[in-house]
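Lettering of chains follows the sequences in order, A, B, ..., and the numbering in each one begins at 1.
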2 protein chains.
Amino acid sequence: MASNRSSAGDPAHTLALLWGVPLAPTAGRRGPRKAHSPAEIAAVAIRTADAEGLDAVTMRRVAQELGLSPMALYTYVPGKAELLDLMLDTLYAAMPRSTPADQGWRARATAVADDNRALYAAHPWTAAVPTTRPPLGPGLMAKYEYELRALEGTGLDDVRLDAALTHLLGFVQTCARTAADERAAQQDSAMNDEQWWEANADLLARVLDPARYPVATRVGAAAGQAQGGAYNADHAYEFGLPRVLDGLAALIEQTSR
Amino acid sequence: MASNRSSAGDPAHTLALLWGVPLAPTAGRRGPRKAHSPAEIAAVAIRTADAEGLDAVTMRRVAQELGLSPMALYTYVPGKAELLDLMLDTLYAAMPRSTPADQGWRARATAVADDNRALYAAHPWTAAVPTTRPPLGPGLMAKYEYELRALEGTGLDDVRLDAALTHLLGFVQTCARTAADERAAQQDSAMNDEQWWEANADLLARVLDPARYPVATRVGAAAGQAQGGAYNADHAYEFGLPRVLDGLAALIEQTSR
DNA sequence: CATGTATACTGTACGCCGTACAGAGATTCT
DNA sequence: AGAATCTCTGTACGGCGTACAGTATACATG
């Protein structure tokens, strides 16, 4: 996985791109018309990433897909970081936002987690993009608004509301990254996790003294057998989500008391 | 951040390297003696990563640091993935393992989390290395053994014990990745988080209709003000660790009942 | 002691990336 | 008509992991 970063450039250009607000006056523009729209570019790039992974999304490749020379893409997008921003914000904008408000916060939080998980499942490459400086476009804003509302009415103050949401989404992202890492490792080692795990277990048995690591060997064997590998993202999600919600529940209860 | 992956190659070679077990018979070896040890190579690579980040750790650079030509490094290490494995396992081996057993699982789990956090703080680049297929060397084994013991005696069965530990460590890693991403973004945008948020907030105010995103604007402003961007990762840890522990507590209580 | 061979090591080369830069062609203003 | 401004193309650079071929070294065997 190459070095992909979002929001690395000038905020003014990035926001102009995401919100579709031209920086220069659009009337009386000289020179040839643009042949493509940001939405089209995002769609093409997303399709490529979905089909062949984020590594396949190069400036050259996206340009080619649009029938452009590599450098022409830079007239549409300041750089690769902004292209990634655009891709992410486009996906955020298309996420479902239909959770009923009348089922209690726990059901709503579960829906938020599941929706995010579905996004990562449909577009695994999104898990690898750092989001400490997220693409502040209409998609992210709508997502953030919706997800905050899901956790509103729990009695948490605004700062804790944000922290609780971040905590929940961070958990989902961790699971998604684990899943994406698994997939990537499988791809470039030509072994799936179970095969890798088994091969290593056999070899480890020759060099490792079980008496030195009694708990590790016991638990490792049990866990490995249970989930067919060292780690399993689906299991981690199913185990972890109730834990995260219980943890938030304790905070909510303690706050409302 | 470049494409760094651990454990991509042949498990037999990787394990031989990590455990110091030569694959070929060591007696009567022809040709020149090796001039360096795996431990020395790991130390040099770790020092470089600490000082200049994981991107600075290239095969060329590590070789140069050892006084070797780039390709000579491949006689010590099968490839870059295995070099990373070696670096990680070396750090794992050096982690503190001194938590008293008599203070309750919550104190022990907190110590485990804090120790991992300290590792990420001392070596931020470790947060970026995927560990779904961890380096199965003596360092990781000792770490795993120690951390499992910290959570033993909680009444959880072996599979859940492993899941609980994974859950806890995943949380710590998420915080560390956030911190590392922040640092990287700061480096290559020449703006710290506070400056970046402020610049974007001003620009957003011109394109965004607050009436469309009332909760987002309110909570976003409160959260942004409260944590000033830069303290994000620390804040997330301090908020999140009690949540994670409460979540595990609920499971433990429910299991022991 | 001479010679063969396994090993450590060097130098060169390849394909790939993001993107800086210079110039060509198209379109609309004055 | 000509200038200005835009889209778009082609070339080039430095850096990455590492494949491959060749050289120097030190031991095993005769």
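Distance Arg30(B) CZ to dC27(D) C1': 6 Å, rounded to the nearest Å. In this structure, Arg29(B) places its CZ atom 14 Å from C1' of dT25(D), rounding to the nearest Å. Between the C1' atom of dC8(D) and the CD atom of Gln64(A) lies a distance of 16 Å, rounded to the nearest Å. To the nearest angstrom, P of dT7(D) lies 8 Å from OH of Tyr76(A). If you take CG of Asp55(A) and C1' of dG17(D), they are 14 Å apart, rounded to a whole angstrom. Residue His36(B) contributes atom NE2, which lies 19 Å from atom P of dT7(C) at whole-angstrom precision. Computed from coordinates, the Arg61(B) CZ to dG14(D) P distance equals 19 Å when rounded to whole Å. Atom OH in Tyr74(B) sits roughly 7 Å away from atom P in dA19(D) (whole-Å rounding).
A donor-acceptor contact under 3.5 angstrom links the side-chain atoms of Arg60(A) to the base of dT19(C).
A distance of 7.0 Å separates CD of Glu145(A) from OG1 of Thr217(B), quoted to the nearest 0.5 Å.
Nearest to the side chain of Thr58(A), among dT10(C), dC17(C), dA8(C), sits dC17(C). Distances from the side chain of Met71(B) to the nucleotides dT5(C), dC20(D), dC9(C) place dC20(D) closest. Among the nucleotides dT10(C), dC8(D), dA8(C), the one closest to the side chain of Thr75(B) is dA8(C).
Place Pro32(B) and Val57(B) on DNA chain D by their nearest nucleotides, and Val57(B) ends up nearer the 5' end.
Of the candidates Leu88(A), Leu17(A), Val77(A), Val77(A) is the only one forming a side-chain contact (heavy atoms from CB on, under 4.5 Å) with Leu83(A).
Between Phe171(B) and His167(A), the ring planes lie perpendicular to each other; the angle is over 60°, past the 30° to 60° tilted range.
Residues Thr90(A) and Leu86(A) come closest through the heavy atom pair OG1-O, 2.6 Å.
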